[in-house]
A.B. asks: 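Sharing a structure with you now.
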Amino acid sequence: MQDTQMSPVVTQTSPGNLTQFEYLALNSPLNLSDGHARQELTPTQGRIIDELPSLWAEAVKRPVEEVEREAHRTYFELLGQRSYPATDGRVLSCYSSSVAMEIFARSLATATDAIALVHPTFDNIPDILKGVGLRLVPLEEEVLHGGDLPADLLRSVGCVFVTTPNNPTGRVVSEQRLRALAAQCAEHGVVLTLDTSFRGFDTRAHYDHYAILEESGCRWVVIEDTGKLWPTLELKIGWLVSAANVGLPLAKVYSDILLGISPLVMSMVRRFAEDAAGGGLAELHRFIATNRTILRERLADIPGVTFPDPDSRASVERVHLGERTGLDVWTALREHHVYALPCQQFHWARPEEGAHSLRIALSRSASSVVKAAEALRSVLLAG
Ligand code: EGV
């Protein structure tokens, strides 16, 4: 080597954050990168799309408040969230959960300068929170699920933020853990915020969170999301829901950002939730489970490859690659026109912990999952 000043070998330049990796996959037929739903519509979902002109006509005629309330009632009840605060302006409808997150973050920054955040999790969450000037304290999944949080941690922050089911691990905060966590947050005057964007995939997250949060008396915020569940071409809702005593200017910041979302989207979400309640959700769970099995079985005999989240029911699956790095495998997969997601940036506090994993999206047609699994198999066997 002639140039002894050379920086450590960099084989690829990283495109940036996880979403910037996801952009690279958007035009590929084998995009198993982002967590949005891209499988085909089921026959009954297809019929809802055929009904859109009549949903439009109906949405034009009816009061928005009514259309909106039906949408959140149907969706929240589908997922077991019976005790959510339906009536006093505490459910704010946003274009996406990230918009809800931004509104939450700006509001929180008026009240505190530090937040504990689950680690790992999707990197736009820490990035949005840092973007409003908050200092982030990592809350390891093991600590979160292991028992009471350290009192030192609770004294050092104004909020605890938890993604459940988590992305990418699929870990779910149990009813018992949520009750304990909410009690601790109440005791310390700390806001408890949940991002439940992947809730729909896992019935273990369908116990009534709002009953527990309300009983605890803690100051809570929940971000719900329809965006991961159905292949609706990015037509979706992120709901920002809060306790009466939350003490944050959520409604004011919301009013800075938007007047409201489309009643057409609200009506469509209501119809998809009705279809899900009538059997579509169970069918979706079977569909994701089948895709997960396809992926695991096709990679099962490859030396060094493991699945770190055996209990996950989320619509994404992590693959641990052994000695290989996620970035190397991502690069090799790209030559097969297959796109996955390297996991480094999920580990926002210590990226090296994600260096040897890839995340594969499962909300895709089974044939795409088969093709991607075969390509991944040949890449992994090659080196
Ligand atoms: C996932 C994309 C945003 C995010 C995808 C996601 N990023 N909103 N900046 O929606 O898991 O791929 O959450």
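The basis for the numbers below is simple: all heavy atoms, side chains too, and nothing from hydrogens, waters or symmetry mates. Whatever order the structure lists them in is the order used to number ligands and atoms, beginning at 1.
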A.B. asks: Using a 3.5 Å cut-off on N or O atoms only, is H36 in polar contact with ligand 1?
C.D. replies: yes

A.B. asks: Membership question, hydrophobic clusters at under 4.5 Å side-chain separation (ILVMFWY): are L52 and L233 in the same one?
C.D. replies: no

A.B. asks: Under 4.0 Å from a heavy atom of N167: give me the atoms of ligand 1 that qualify, with their elements.
C.D. replies: 1 (C), 11 (O), 13 (O)

A.B. asks: Do the rings of H320 and H356 sit parallel, tilted or perpendicular, given the 30° and 60° boundaries?
C.D. replies: tilted

A.B. asks: Could you identify the single nearest non-hydrogen protein atom to atom 8 (N) of ligand 1 and state the distance to 0.1 Å?
C.D. replies: S98 OG, 3.1 Å

A.B. asks: Measure the shortest side-chain to side-chain distance between L134 and F161 over non-hydrogen atoms and say whether it is less than 4.5 angstrom.
C.D. replies: no

A.B. asks: Is there a donor-acceptor pair under 3.5 Å between the side chain of R359 and the backbone N or O of S33?
C.D. replies: yes

A.B. asks: Look only at interatomic distance and state if F198 has a nitrogen or oxygen under 3.5 Å from any nitrogen or oxygen of ligand 1.
C.D. replies: no

A.B. asks: Take the angle between the ring planes of H206 and H285 and call it parallel below 30°, perpendicular above 60°, tilted in between.
C.D. replies: tilted

A.B. asks: If hydrophobic clusters are built from ILVMFWY residues whose side chains come within less than 4.5 Å, do I360 and Y23 share one?
C.D. replies: no

A.B. asks: Using distance alone, determine whether D34 and ligand 1 share an N or O pair under 3.5 Å.
C.D. replies: no

A.B. asks: At a non-hydrogen distance cut-off of under 4.0 Å, which region of R359 contacts ligand 1 (side chain, backbone, both, or neither)?
C.D. replies: side chain

A.B. asks: Around atom 7 (N) of ligand 1, find the nearest protein heavy atom and jot down its residue, atom name and distance.
C.D. replies: T19 OG1, 2.8 Å

A.B. asks: Could you find the nearest protein heavy atom to atom 13 (O) of ligand 1 and give me its residue, atom name and distance?
C.D. replies: K228 CE, 3.5 Å

